[in-house]
Every structure is written in structure tokens, then in C-alpha cells.
Amino acid sequence: MTVKLLLVSVTTAVAIAPAGTTARLPACPLVFGHGGYPTGANPWTRDQIRQPNHPRGVNDQQAWGADGVEGDVQLTREGTKAVMWHNTTTNGLTGVNRAITDLWWAAGSDNLRDRSVARGPYQGEGVYTLRQWLDHVRSRGLVALLEIKPEARNVLSDSAHAASGWREISDPVKERQGAQRILLYSKDTWIQGELAKRHPGLLKGSAARWTDSVAWEEPPPSWTGNTAQWQSVLGQNPASVMTNYTKDYRAWLSGRCA
């Protein structure tokens, strides 16, 4: 009796990358550095003024791996100067605590220009105008992301001072947008609507998605609590993200995108 052996070839559906190649990684998003602000009760008493609204802060963000920097735009009295400052008042600056919109930029003994940061890692830094900040960001090769703070609405919607206020915000942007990438947004819906009319091509839109999940506190919580959210957002292939943990996020991205 002759025994015939039947050889059956079993093929499994395994994708094999060409020799010499590796699995394709998603594109890395642009990383916008942001300065953390405490949550919870009385955050102004714990705020360490970490926002990069001055050259030292911008330089640190670049050193930590940021592609862009988020800065905060406020208006001084009667819309006479657009300045880079996060807080509604001068809390965190030297001098008597005053609303930013009550102060002149340079006039008088209680002006904003002559104050400096009073605490935190950037103690001694001054307050800068929008033009000064944009020029420094450009000199570092970074993208500028401007948040127009809601406090500016009182000036921007006041018929007596709106023209001055909007010139202070819009003119520096228009003067530079041909040679510098600038994005704008506001958490105030009315200001956002006005930005859409005045700078339709520069709105942040879905760019610079917030990627952290850990609420900022002082001292800063560990970055490791963010990793699940970082992975979730990265999996959606965002063009850009915004984070309080620039250095840690950039290190975490290594090997996860290209």
C-alpha cells in the first residue's frame, strides 16, 4: 500500500514591512508651551507667574522643545497699549494691586511699564508690549499663539476706546503676519467673533488642542498623570497641542511620532 502525504500550506494574514523599514509612526504635532495657573479656591494667592509672557519664559519654552508659545494679551487704560500679562490685575507684580485696565502703560508713577514680576521662577522680569513679545518670539523661530483675555472686552466694546484698543491688538499682528506665523483666539465669545471678522485667516480654530489632564497646582503635580490623555490625543493625529508640561511632553513624544 502506498501512503501519500498531503502537505497543506497555511497562510496567515500578517503584514510584513519591506526589508530595511520600520512601522510608520504618526506625524508629531506642533507643541505649544503654556504656563500653568492654579485651580481651586483663591488661585491668585498660589500663582507663581509661570506664563511665558516675557523673553525668559519664551526662551525656556524653546529650550524645553516647544515649537510655539502661548501668550496672554491685555489692554491698559482706554486701550492705549496691548501688553503681555495673564492676570486681570497686577497680582504677581510689584506695586499696589490694580486692575490692568485702570493703569496707563508709561504715564504716572503707578504705571505698568515700571513694574516687575514679584515671585516665582521669573521674578524680576518686566511687563512687555505685544510688539516686543512678537518680535522676540519671531527671533527664536517659534510660532506665536495669542490669547486675547476676556478683560479686554470692556475696552474693545466701548465706542469711546474700541478703535484704539483694536489698533493695539490688530496692527502688530498685521505688521508681522507676512513674516511670522501668528494665531489668535479668545475664551470670550464676543471677542472671538470679532477676531473672526478682523483676522479670519489667523484664528486658532482646532489648532493647539489642549492635551493635559492633570489640573495645575503649586507646586506642580507630576507629569505622569497626563500620559493616558496624551496618548488619547496623540492617537487622533492633532496638528498641534498645548501643554503645561513642555519638557516632559516632548520627552514622552520621543519614539511615538516622527
Side-chain angles (χ1 to χ4, degrees), residues 27-35 50-76 79-86 100 105-106 112-113 122 125-149 152 155-156 162-188 191-211 237-243 246-247 249-250 253 257-258:
C28 289
L30 291 177
V31 178
F32 283 88
H34 184 277
R50 296 182 185 273
Q51 300 79 28
N53 287 319
H54 38 69
R56 282 172 60 196
V58 169
N59 295 350
D60 279 347
Q61 290 292 337
Q62 183 188 42
W64 296 334
D67 302 296
V69 184
E70 198 255 19
D72 307 292
V73 181
Q74 299 274 12
L75 288 170
T76 60
T80 50
K81 189 67 70 175
V83 296
M84 305 305 295
W85 183 245
H86 177 273
I100 299 298
W105 167 243
L112 188 59
R113 184 192 62 186
Y122 298 115
E125 262 293 348
V127 180
Y128 291 78
T129 68
L130 173 57
R131 282 184 169 88
Q132 290 172 325
W133 189 85
L134 284 173
D135 287 343
H136 186 75
V137 170
R138 180 185 175 189
S139 76
R140 308 301 292 192
L142 300 172
V143 183
L145 174 58
L146 299 172
E147 179 188 355
I148 314 304
K149 301 301 285 185
V155 173
L156 296 175
S164 172
W166 279 114
R167 279 196 303 270
E168 276 295 305
I169 291 172
S170 291
D171 285 359
V173 173
K174 291 176 180 177
E175 293 160 5
R176 291 159 177 76
Q177 66 187 33
Q180 179 178 10
R181 187 178 179 195
I182 303 171
L183 298 173
L184 305 102
Y185 79 104
S186 180
K187 295 178 181 177
D188 181 276
I191 296 177
Q192 182 75 358
E194 287 296 310
L195 290 173
K197 299 174 188 175
R198 296 166 187 269
H199 302 283
L202 303 182
L203 289 188
K204 181 185 75 140
S206 60
R209 287 192 54 190
W210 191 252
T211 192
N237 297 315
S240 55
V241 298
M242 188 158 45
T243 178
T246 307
K247 183 177 181 180
Y249 182 75
R250 178 59 76 183
L253 275 182
C257 61

Check whether any side-chain N or O of Ser164 sits under 3.5 Å from a backbone N or O of Gly79 as a donor-acceptor pair, and report yes or no. yes
How close do Trp105 and Val127 get, counting heavy atoms only, and between which atoms? CH2-O, 3.4 Å
For the side chain of Gln180 and the backbone of Leu134, is there at least one donor-acceptor N/O pair under 3.5 Å apart? yes
Specify the closest pair of heavy atoms between Leu203 and Leu183, including all atoms of both residues, with the distance to one decimal. O-CD2, 4.2 Å
Looking at Phe32 and Val69, what are the two nearest heavy atoms and their distance? CD2-N, 3.7 Å
Do Leu156 and Ile169 have side-chain heavy atoms sitting under 4.5 Å apart? yes
Stepwise, does the side-chain contact (heavy atoms from CB on, under 4.5 Å) test hold for Arg131 with Asp171? CA-CA 9 Å; Arg131 282 184 169 88; Asp171 285 359; 3.8 Å; yes
Does any N or O in the side chain of Gln62 come within less than 3.5 Å of the main-chain N or O of Arg140, such that one atom is a donor and the other an acceptor? yes
Verify side-chain contact (heavy atoms from CB on, under 4.5 Å) between Lys149 and His86, making sure each step is shown before the conclusion. CA-CA 8 Å; Lys149 301 301 285 185; His86 177 273; 3.7 Å; yes
Looking at Pro52, is its backbone amide N or carbonyl O close enough to the side chain of Trp133 to form a donor-acceptor pair, meaning the two atoms are under 3.5 Å apart? yes
For Ile182 and Leu202, work out which heavy atoms get closest and say how close. O-CD2, 3.5 Å
What are the two closest non-hydrogen atoms of Gly33 and Gln61, and how far apart are they? CA-OE1, 3.0 Å
Arg250 and Asp67: side-chain contact (heavy atoms from CB on, under 4.5 Å), yes or no, with the steps? CA-CA 10 Å; Arg250 178 59 76 183; Asp67 302 296; 2.8 Å; yes
Any salt bridge linking Asp135 with Arg176? Criterion: basic side-chain nitrogen under 4.0 Å from a carboxylate oxygen. yes
Spell out, as yes or no, whether a donor-acceptor pair under 3.5 Å connects the side chain of Thr76 to the backbone of Lys81. yes
Pair Asn59-His136, side-chain contact (heavy atoms from CB on, under 4.5 Å): steps then yes or no: CA-CA 9 Å; Asn59 295 350; His136 186 75; 2.7 Å; yes
Using a 3.5 Å distance criterion without hydrogens, assess whether the side chain of Gln192 forms a donor-acceptor pair with backbone atoms of Ser186. yes
